[in-house]
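Heads up, the thing below is written out as structure tokens.
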There are 2 protein chains.
Amino acid sequence: MIDPRLITLRVFARCGTVSATAELTGYSPSAVSAQLRELQRVLGLQLLTKDGRGVRLTATGRFLVAGSDTLIADWESLRAAAMEAGDQVQSRFGLGGFSTAAAQLLAPLAATLRSTRPLLEVQVLEANPARCFDLLVAERIDLAVIVAMQSNTYGEDDPRFEQTVLLDDPLDVIIPADHPLASRETVTLEELASEPWITEAAGSTYHSLFTAAFTAVGVTPRIAHEAVEWETQIAFVGAGLGVGLLPRLAPLHSAENVVRLRITGKGKPARRIVAAVRRGSITSPLIQESLGILQMRANKIVSARPEDDL
Amino acid sequence: MIDPRLITLRVFARCGTVSATAELTGYSPSAVSAQLRELQRVLGLQLLTKDGRGVRLTATGRFLVAGSDTLIADWESLRAAAMEAGDQVQSRFGLGGFSTAAAQLLAPLAATLRSTRPLLEVQVLEANPARCFDLLVAERIDLAVIVAMQSNTYGEDDPRFEQTVLLDDPLDVIIPADHPLASRETVTLEELASEPWITEAAGSTYHSLFTAAFTAVGVTPRIAHEAVEWETQIAFVGAGLGVGLLPRLAPLHSAENVVRLRITGKGKPARRIVAAVRRGSITSPLIQESLGILQMRANKIVSARPEDDL
DNA sequence: ATCGATCATGCATCTATTGTGCACGGTTAT
DNA sequence: ATAACCGTGCACAATAGATGCATGATCGAT
């Protein structure tokens, strides 16, 4: 309902370049350029200035973008209230999420929605957390499921988003099936301190989670191997190369030679899974229903494993 | 910046029929119909129902329209602030007003703006007060100058408009030049109680002003003739057919055989001239400038006449 | 300093949206 | 019953808007 050109401007304010804006919004760079030019013309305002080989927001532009936060939120709020009052939902619904979250939570959600609301057009986009927020601003998606990290999570008071904790996804240990501890039901990180560890590449989303878990118990683990995907990591463990941490949400499938154990003791690492929506839209019936489904699904998976796993 | 289809819906909410909405917005009825249909489709909401040979807002529709008031006001407010911050003004500016107000106040304003801001596209629409408010909602005009009446003025708290009093335009008496009182500078209504009066048709905008003036002094005037335009009324007075009331803003031009006298005594009738804008836009530089010009112009005219007149 | 990469924008082209005009069906009032 | 009115569907036209490529400008690296 808000002029798409203003949305484009807001996306530009986030990413700073026309090309990136084009990529995020799904337009071509020319279209973004034309839209921004047209926006300035119709408002009679100079919003952009040349800056090197790129363009940059003017003070007026920044002012407009900042002020538009409440405008967008108000619209979302109004739309949500109208949906609720009319007992109807929108025709399109975009979901975004990262890796395991997307696979384990979003896919079932999308499937459920498709069956309960056949005429609803559901679209799922896999994207990392930062991009998810961009996609929310760009209105490509309406709901994002992300792993909360200091780097990507926004404050409670961010005027653009509203976030609700879905669950704290505990990290389990995966060890080779022939490992001495494999028959145990739970372990502590201290017991595994001297093991060779398999983790993600330093700087990746989950690596900081890994280090945080061990600094909590005062142990410095030895990193033997690095993997990018969970599947790879699991395979490494299965091959006896070491042990690793695996979020409970991540499925083991029926990997041979690998056992999942719960962690006990004072170091109980977990990653926080958060749902983010555009501010104001949280009361929308479809969002509410989706959050319920996600939460139910998440709790079921977390409480079920590892007993029922494999 | 707000989707024009929502504006169309808001206009429809005011006037109730597609045809009237089309006339007000400048679209064809088919276009309005298509816009409303499209709006419902994209929102996934049913906003209209068939009602006899017309259509009517659903509860959801009314809800949406009511809620959109603040949205529009927020946008106007933001735009005004951005204009102010950027020290720039919009490229188009629509003015609306009624009869003498339009002629005496808006025309000079438009002329001034045209000269001081050559690249600003100024448009003036003559329309009665009620229509002016419709045109404001339809965003055909941005500023309206109207004569305040209980019937057309809206409360201070109306979420759609903001109104500021420009001036109280006093009513003068016009009498034939050969009338015994013609050499006087001021008269009271009581002195003219027995004169044959010339007024507007009963039920017209100014007729109630006429009656209100006399009820205030407890006199029941004899209405001899009725005219629709000021010019006609002045001609009647010039022909010696009676006396009449003329707002000071209305020019006598250099009508032969007619004299304008100020009214003294406890019955000092006046009509209130009000400027109305969409809520939120009042702080816009262009609006502020226009209000200043209008006020100055109005005060000059009111204080100058009738001495400098003819 | 040169070359390549990146970025924004203008232009020609095409597409798709959107408005118009007319005709039709349904409803109300005379 | 007839006429007036209202809203809507359809064919057509106009306009807005997106694309892809080319261009110019800037920055970084060799």
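Chain letters run A, B, ... following the sequence lines, proteins first, then strands; residues in each count from 1. Bear in mind the structure is a predicted one, so any value in this text is a computation, not a measurement.
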Looking at the side chain of B:Arg53, which of C:dA29, D:dG7, C:dT20 is the nearest nucleotide? C:dA29
Evaluation steps, side chain to side chain contact (heavy atoms under 4.5 Å, CB included), between A:Phe161 and A:Arg279: CA-CA 4 Å; A:Phe161 314 112; A:Arg279 186 166 289 271; 5.8 Å; no
Can you tell me if CD on B:Glu38 sees more than 12 non-hydrogen neighbours from other groups inside 6.0 Å? yes
Tell me: CZ of A:Phe12 to C1' of C:dC7, nearest whole Å? 11 Å
Does any donor-acceptor pair link the side chain of A:Ser30 with the base of C:dG10 at a separation under 3.5 Å? yes
Rounding to an integer number of Å, can you tell me how far A:Leu39 CG sits from D:dA16 P? 16 Å
Among B:Thr25, B:Ile2, B:Thr8, B:Ile7, find the one that has a side-chain contact (heavy atoms from CB on, under 4.5 Å) with B:Glu139. B:Ile7
Whole Å only: how far is the CD atom of B:Glu23 from the C1' atom of D:dC6? 15 Å
Counting N and O atoms only, with roles assigned by atom type, does the side chain of A:Thr116 sit under 3.5 Å from a partner on the main chain of A:Thr112, one being a donor and the other an acceptor? yes
Separation of atom CZ in B:Arg41 from atom C1' in C:dT18, rounded to whole Å: 13 Å
Rounded to whole Å, the CG-C1' distance (A:Leu57 to C:dA8) equals 15 Å
Which nucleotide, D:dA18, C:dT9, D:dG9, lies nearest any side-chain atom of A:Pro29? C:dT9
When you measure from the side-chain N and O atoms of B:Gln35 to the phosphate of C:dT18, is any distance below 4.0 Å, counting only OP1 and OP2? no
Provide, to the nearest angstrom, the distance between the CZ atom belonging to A:Arg56 and the P atom belonging to C:dT9. 13 Å
Measuring from the side chain of A:Val55 (C-beta onward, heavy atoms only), which nucleotide among C:dT9, C:dC7, D:dG7 has the closest atom? C:dT9
Could you tell me whether the phosphate oxygens of C:dT6, OP1 or OP2, come under 4.0 Å of any side-chain nitrogen or oxygen in A:Thr17? no
From CZ of A:Arg37 over to P of C:dA8, roughly how many Å is that when rounded to an integer? 14 Å
Please compare A:Arg5 and A:Asp51 by the position of their nearest nucleotide in DNA chain D and report the one closer to 5'. A:Arg5
B:Asp51 atom CG, neighbour heavy-atom count above 12 within 6.0 Å: yes
Rounded to whole angstrom units, what separation is found between the OH atom of B:Tyr27 and the C1' atom of C:dG21? 17 Å
Counting any heavy atom closer than 4.0 Å, what does A:Glu38 reach on the DNA or RNA strands: base, sugar-phosphate only, or nothing? nothing
Ranking A:Ser28 and A:Gly52 by the position along DNA chain D of their nearest nucleotide, the one closer to 5' is A:Ser28
